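Inspection log for the structure reproduced underneath, given as structure tokens.
Since the structure is predicted, the reported quantities are computational estimates derived from the model, not experimental observations.
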Amino acid sequence: MTLAALLTVFSITLAIFSLARPVGRRSLALFLPAWWMVAAICLSFICIIVRDAPLGVKPPFYWRLDLVEFGLSLGAFIAPVGIALWCWRTWHVAKLTRRNVGRLENVIKAAIREEEFDEIERIIDKNKDTLIRLPAGAASALFNPKIVGALVGSNSMGHLELLSNLEFVRLLDNRFGAVDVVGRELLRAPESPVQSAVVMHYGGLENLEYTDTQRLLMEKTFLNPQWYMETRADYPLVILAIEELNSGKRDAEYNNVGRAYESGQGISTRSRCPIYLAAKTIVLALQAAIEQRAKGDFYITDLLDIFRAVQGHSKFNKEIWEGDLSNWEFPTPYAYLLYQIAGDLLDLSGAAVHSATPEAEARQVELPGDIARALAMTWSFCVWSIADSDGQVSPSFRDSIIQEYLKFVLELGWAPSEVYHGPGANGVQGLEVWRDLFAEELRQRFAGDSGKRLDALKSAMESLDRGKMYVFDGYDWLEQKLS
């Protein structure tokens, strides 16, 4: 190594740093102390001077001159090259420490300005356990919507993985803001763990793989009742769904024939519908809470909010609703959403009964808990809402939604095998308390009502199939209870 070569190395190093993009420069400054390269160049310079300067000094300890010159030449070469390799390794490892973590905010802000987020994703992936020590400013910048949108849109799960750590979430200055940003982007993204979980349970996108990594991440977040409650993860789901509805941009399409939306084969449009994904994610979270027998307020009325918003934008067009191209059960995407939410409330109510029933032979069902009472209230409000839906849905569709609630009440009282779907269902004791709960909630909704809503309830009652024994046995009781 000569002085000319050393000068070349110095020039190349300076050029690389100068030509790097702003994000790259700040990333290098984050992980690489500048004094490392300065020290290496100085050491190399000293070796060259000692070797080439005409100092007239003999090598110490009777060392051979040619070996000393070789050692100095080797040292002059190894110093900058060795430090350069060490710097590359340090940058590649990208380890955040207490000393440099405070400078991460500079990298994040540069990435936001330049809209270049690959380096941010790399740093997140390599420091998931370290980012808990982020300063408040850096943590807030890390959940900037631009960064989250870019990374989630590229199917990166880094932000959700960070939020899956409740210890990290609790240290955030604005935990709800961070969860709101990530939740919204998960619903909008072309691919996400949320979409995969919904499609795995309810179909709509063939051949979409629900990976073990996605499953584990969902179990730590949306399917974890404690995480779901502490982060208020339901809020971005319901708010985004209602914002999408209130924008009106889907009204024309969602009030038309819904075959592509409801399709169970190929790629259905519902698999990328944020309204549908939001509602189903809420349902999956509630299902997990019921199965794990969690306690607390899980904001089940979110489903009612979405139901009402969908109903408000639904329009009954006889040519479409009764046309040959439409599905008579749910002719339009809006009708499909109403049908699904009502069906989900039925399934969740049944799951709540199952969860409250012990496995022993002499089974005494537990009294309804907070979740069961919230389900009864929410579902009954949906029934009350759809009862006044002139111009929004067909009368037959309205009656079918109401009938599902009525049949559930009758099944609890006179056909428990319809609720449990298994042997020994008729031996369960205490179901009359559940029956009375759901019947009373419905009675309270319609108490004092007259006109359209009451007529709709009577129409649904009269349309029940009395040929079924449980309907025949409980019809008079239910009619009297609701009167």
**Request:** Taking all heavy atoms of A372 and all of A352, pick out the closest pair and write down the distance.
**Result:** CB-CB, 4.4 Å

**Message:** Can you give me the closest heavy-atom contact between L412 and L431, atom names plus distance?
**Reply:** O-CB, 3.6 Å

**Message:** Go through it in stages, so that I can follow the logic: the residues are I120 and L142, the test is side chain to side chain contact (heavy atoms under 4.5 Å, CB included), and I'd like the CA-CA distance, side-chain angles, deciding distance and then a yes or no.
**Reply:** CA-CA 8 Å; I120 301 300; L142 187 61; 4.0 Å; yes

Enumerate donor-acceptor pairs with a distance under 3.5 Å from any side-chain N or O in residues 399-406 to protein atoms, sequence neighbours excluded.
from : atom 1 : to   : atom 2 : distance (Å)
D399 : OD2    : S459 : OG     : 2.9
S400 : OG     : F397 : O      : 2.6
Q403 : NE2    : A460 : O      : 3.4
E404 : OE2    : K407 : NZ     : 3.1
Y405 : OH     : F438 : O      : 2.5

**Fill in**
Separation between CG (L346) and CZ (F408), nearest 0.5 Å, reads 6.5 Å

**Asked** What side chain to side chain donor-acceptor pair (under 3.5 Å) pairs are there with at least one residue in residues 274-291, not counting sequence neighbours?
**Response** R270-Y276, K280-Q340, K280-D344, Q287-E291

**Asked** Hey, do the aromatic rings of F381 and F307 have their centres closer than 6.0 Å?
**Response** no

**Item:** Nearest heavy-atom neighbours spanning P368 and L437
**Value:** CB-CD2, 3.6 Å

**Request:** Might you work through the salt bridge (charged side-chain N to carboxylate O under 4.0 Å, His left out) test for D234 and R232, ending with a clear yes or no?
**Result:** CA-CA 5 Å; D234 69 295; R232 279 304 311 272; 2.8 Å; yes

**Message:** Does F446, at its CZ atom, have more than 12 non-hydrogen atoms belonging to other residues, nucleotides or ligands within less than 6.0 Å?
**Reply:** yes

**Atom pair CG/OG of L348 and S355 - distance to nearest 0.5 Å** = 11.5 Å

**Message:** Do W321 and V393 have side chains that approach each other closer than 4.5 Å (heavy atoms only, starting at C-beta)?
**Reply:** yes

**Request:** Would you check, one step at a time, whether the test side chain to side chain contact (heavy atoms under 4.5 Å, CB included) holds for V310 with L338?
**Result:** CA-CA 7 Å; V310 172; L338 293 171; 3.7 Å; yes

**Item:** Pairwise side chain to side chain donor-acceptor pair (under 3.5 Å) hits with a residue in residues 156-166, at least two apart
**Value:** E121-S156, K128-E161

**Request:** Tell me, yes or no, whether the heavy-atom count around K220 atom NZ, taken from other residues, nucleotides or ligands under 6.0 Å, exceeds 12.
**Result:** no

**Request:** Decide, yes or no, whether a salt bridge links E219 with R215 under the criterion of side-chain N to carboxylate O below 4.0 Å.
**Result:** no

**Message:** Below 30° counts as parallel, above 60° as perpendicular, anything between as tilted: where do the rings of F222 and W227 land?
**Reply:** perpendicular

**Request:** Indicate yes or no for a side-chain donor-acceptor contact from S380 to the backbone of A376 under 3.5 Å, with no hydrogens or angles considered.
**Result:** yes

**Prompt:** Is D180 salt-bridged to R184, going by a charged N under 4.0 Å from an acidic O?
**Reply:** yes

**Item:** Side-chain heavy-atom pair R259, L325 within 4.5 angstrom cut-off
**Value:** no

**Request:** Write down the atom of K126, the atom of A94, and the distance for their closest heavy-atom approach.
**Result:** CD-CB, 3.8 Å

**Request:** Report the C-alpha distance between M377 and R445 in whole Å, list the side-chain angles of each, state the deciding distance to 0.1 Å, and finish with yes or no for side chain to side chain contact (heavy atoms under 4.5 Å, CB included).
**Result:** CA-CA 9 Å; M377 182 188 71; R445 300 294 86 78; 4.1 Å; yes

**Prompt:** Counting only heavy atoms not in F176, do more than 12 sit closer than 6.0 Å to its CZ atom?
**Reply:** yes

**Message:** Measuring from atom OH of Y470 to atom CG of D473, what distance do you get when rounded to the nearest 0.5 angstrom?
**Reply:** 11.5 Å

**Request:** Just jot down the side chain to side chain donor-acceptor pair (under 3.5 Å) partners of R170, sequence neighbours excluded, or say none.
**Result:** E230

**Request:** Output yes when a side-chain donor or acceptor of D370 lies under 3.5 Å from a complementary backbone atom of F298, and no otherwise.
**Result:** no

**Asked** Is any side-chain heavy atom of F117 less than 4.5 Å from a side-chain heavy atom of I124?
**Response** no

**Message:** Within a 6.0 Å radius of atom CG on D118, are there more than 12 heavy atoms belonging to other residues, nucleotides or ligands?
**Reply:** no

**Request:** First locate atom CG of D302, then atom CD1 of I306, and finally report the distance between them rounded to the nearest 0.5 Å.
**Result:** 6.5 Å

**Prompt:** Got a sec, which residues hit side chain to side chain donor-acceptor pair (under 3.5 Å) with T231, two or more places apart in sequence or on another chain?
**Reply:** none

**Asked** Between T211 (side chain) and Q214 (backbone), is there a donor-acceptor pair under 3.5 Å?
**Response** yes

**Prompt:** How many angstroms lie between CZ in R398 and OG in S385, if you round to the nearest 0.5 Å?
**Reply:** 12.5 Å

**Request:** Answer whether the closest heavy-atom distance between the side chains of I275 and Y254 falls below 4.5 Å.
**Result:** yes

**Asked** Are side-chain heavy atoms of R293 and E366 found at a separation under 4.5 Å?
**Response** yes

**Request:** State, with a plain yes or no, whether a side-chain heavy atom of I290 is found less than 4.5 Å away from one of I371.
**Result:** yes

**Request:** Using a strict cut-off of less than 4.0 Å between a Lys/Arg side-chain nitrogen and an Asp/Glu carboxylate oxygen, indicate whether E253 and R250 qualify as a salt bridge.
**Result:** no

**Asked** What is the ring orientation for Y420 with H354, classed by angle as parallel under 30°, tilted 30 to 60°, or perpendicular over 60°?
**Response** tilted

**Asked** Which distance, rounded to the nearest 0.5 Å, do you find between the CG of L160 and the CD of E185?
**Response** 12.5 Å

**Request:** Please examine the side chains of F330 and Y261, heavy atoms only from C-beta on, and report whether any two atoms are closer than 4.5 Å.
**Result:** no

**Asked** Is the number of heavy atoms from other residues, nucleotides or ligands under 6.0 Å of I267 CD1 greater than 12?
**Response** no

**Asked** Quick one: side chain to side chain donor-acceptor pair (under 3.5 Å) partners of T213, sequence neighbours excluded?
**Response** none

**Request:** Inspect the contact between K249 and E244 and indicate whether a charged nitrogen and a carboxylate oxygen are less than 4.0 angstrom apart.
**Result:** yes

**Complete:** Looking only at heavy atoms, the pair that brings A278 and A241 closest together is CB-CB, 3.9 Å

**Asked** Hey, are K468 and E418 close enough for a salt bridge, meaning a charged N less than 4.0 Å from a carboxylate O?
**Response** no

**Prompt:** V169 and L163: which non-hydrogen atoms are nearest, and at how many Å?
**Reply:** CG2-O, 3.1 Å

**Request:** Check the pair M461, Y475 against side chain to side chain contact (heavy atoms under 4.5 Å, CB included), reporting the backbone distance first and the verdict last.
**Result:** CA-CA 8 Å; M461 279 282 295; Y475 188 91; 3.8 Å; yes

**Request:** Would you check, one step at a time, whether the test salt bridge (charged side-chain N to carboxylate O under 4.0 Å, His left out) holds for E462 with K458?
**Result:** CA-CA 6 Å; E462 292 169 357; K458 291 179 179 179; over 6 Å; no

**Message:** Do D305 and Y299 have side chains that approach each other closer than 4.5 Å (heavy atoms only, starting at C-beta)?
**Reply:** no

